[in-house]
Amino acid sequence: MMRLTWTCLLTLVLVTAACEAPGEEPVPAEEAVPALKEVFADAFLVGAALNPDQFYGRDTLGVALITKHFNTITPENVMKWEQIHPEPDRYDFEAADRFVAFGEERDLFIVGHTLVWHNQTPDWVFEDDRGEPLTREALLERMRDHIQTVVGRYRGRVDGWDVVNEALNEDGTLRPTRWLEIIGEDYLAHAFRFAHEADPQAELYYNDYSLTNPAKREGAVRLVQGLLDAGVPVTGIGMQGHYALTYPTLEELETSITTFAGLGVDVMITELDVAVLPRPSEYWGADVTRREELRAELDPYREAFPDSMQQALADRYADFFEVFLRQQEALTRVTFWGVTDGDSWLNNWPIRGRTSYPLLFDRAYRPKPAFFAVVATARE
Ligand code: 9MR
């Protein structure tokens, strides 16, 4: 009996030791961890995309981080068309209501994501009862009903909306979606007008990735300038910050921010993360439909993230935040796409089941060296 007990104890010690992966920082004292929203209070809002475990309160450690560090939130998925409006005559507001209540309970700036997109939008949206494509008028009416029902429900409570998401190709032309095909180029103008009618106070954004690429940047300028010239109420451009250790260049990032600000609209970094895993191809966008096969060499940090990589990530984040701080007049908000590394979509895209490290908090909810590097940029 005694021997068994000692064996158990020894096992416990060994298992506990194994949990302390080599190279991991000791947990910093709570008071040594400043709140991001306070560190950047004079510059811009700081936020995160949330999942249901967080806003339903199941992920209690995640909730503690959100409550401490962020003053703006975006729902990662629950306001997308297929979730909030799964069938023609059925809206499902349960999760979105909880998300909004979570933000109100903490007095956060609440962003709605997203009203008009080509992904996560059911096929029926574009079809009549017989499965035939809708006419332009019928699709516009369906878009109006969706936008006004959703925006109207949260009028005065959701502060800003990603009205149209990812409408541009990499070359800056309009993406050939069913919205474009059936309605025509003015589908964006209609979407913004419908949203404005439903909540005249809400900020309304065009949101996209790869907006640091010159051709796509120019496409966004043409698009948004055209909307503004036509009197369409666009208040901001959301630059999804799906970045990496070597992409984009800081110069391209800063040029995009200043160029967009020059249009007279707000600019925000809406989906920030920094990919650290090997890329299966030279594609740098964030098209969620792209998929690649898992190979061991593409998932090198399953067990631990080496110190050298932690440092590279920290340096990269510091570089980005130096640009953001320099451009604080233009930027209203910086939102991370997730809270901890364990939450990130990059664990499953473009390859399912990898172990990625793209955010400021690790899987054990601890601030990483990148967190402290970001904080340091505000104190230089
Ligand atoms: O992070 C989101 C992930 O959980 C979803 O599976 C995915 C599918 O649509 O969408 C992800 O969020 C995307 C966002 O809505 C728009 N920009 C790209 C984001 C990352 O794919």
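One-based numbering, in listed order, for ligands and for the atoms of each. Counting begins at 1 with the first residue of the sequence. Quick caveat, the model's predicted, so the values are computed rather than measured.
Nearest protein heavy-atom contact of atom 9 (O) of ligand 1 is Q120 OE1, 2.2 Å. Looking only at protein heavy atoms, the nearest one to atom 14 (C) of ligand 1 is H113 NE2, 3.4 Å. The closest protein non-hydrogen atom to atom 1 (O) of ligand 1 is E76 OE2, 2.4 Å.
Looking at Q311 and D315, their side chains do bring a donor and an acceptor atom within 3.5 Å of each other. Between the side chains of W345 and D273, at least one donor N or O lies within less than 3.5 Å of an accepting N or O.
Counting heavy atoms only, K80 comes closest to atom 10 (O) of ligand 1 of the residues E82, E271, K80. With atom 4 (O) of ligand 1 as the reference point, the heavy atom nearest to it among D343, T114, N77 is part of N77.
The distance from ligand 1 to the heavy atoms of N165 drops below 4.0 Å at these ligand atoms: 16 (C). Listed by atom number, the atoms of ligand 1 under 4.0 Å from Q240 heavy atoms are 16 (C), 17 (N), 18 (C). Close approach to E166 involves these atoms of ligand 1, each under 4.0 Å from a residue heavy atom: 16 (C), 17 (N), 18 (C).
The closest approach between a heavy atom of W117 and any atom of ligand 1 is below 4.0 Å. At a 4.0 Å cut-off, at least one heavy atom of V288 sits close enough to ligand 1 to count as contact.
Using cut-offs of 30° and 60° on the angle between ring planes, the pair F321 and F336 is parallel.
Cation-pi geometry between R153 and Y91 is not met: the NZ or CZ atom fails to fall both under 6.0 Å from the ring centre and inside 45° of the normal. Under a cutoff of 6.0 Å and an axis angle of 45°, R290 and Y283 form a cation-pi pair.
For the pair Q240/N165, a side-chain contact is recorded, criterion being any heavy-atom separation below 4.5 Å from C-beta on.
When all heavy atoms of V265 and F260 are compared, the pair lying nearest together is CG2-O, 3.6 Å.
Residue-level proximity to ligand 1 for W337 is carried by the side chain, the only part with a heavy atom below 4.0 angstrom.
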Exercise. For W124 and H85, run ring-ring contact (aromatic ring centres under 6.0 Å, His included): C-alpha distance rounded to whole Å, both residues' side-chain angles, the deciding distance at 0.1 Å, then the answer.
Key: CA-CA 11 Å; W124 63 256; H85 190 178; 5.1 Å; yes
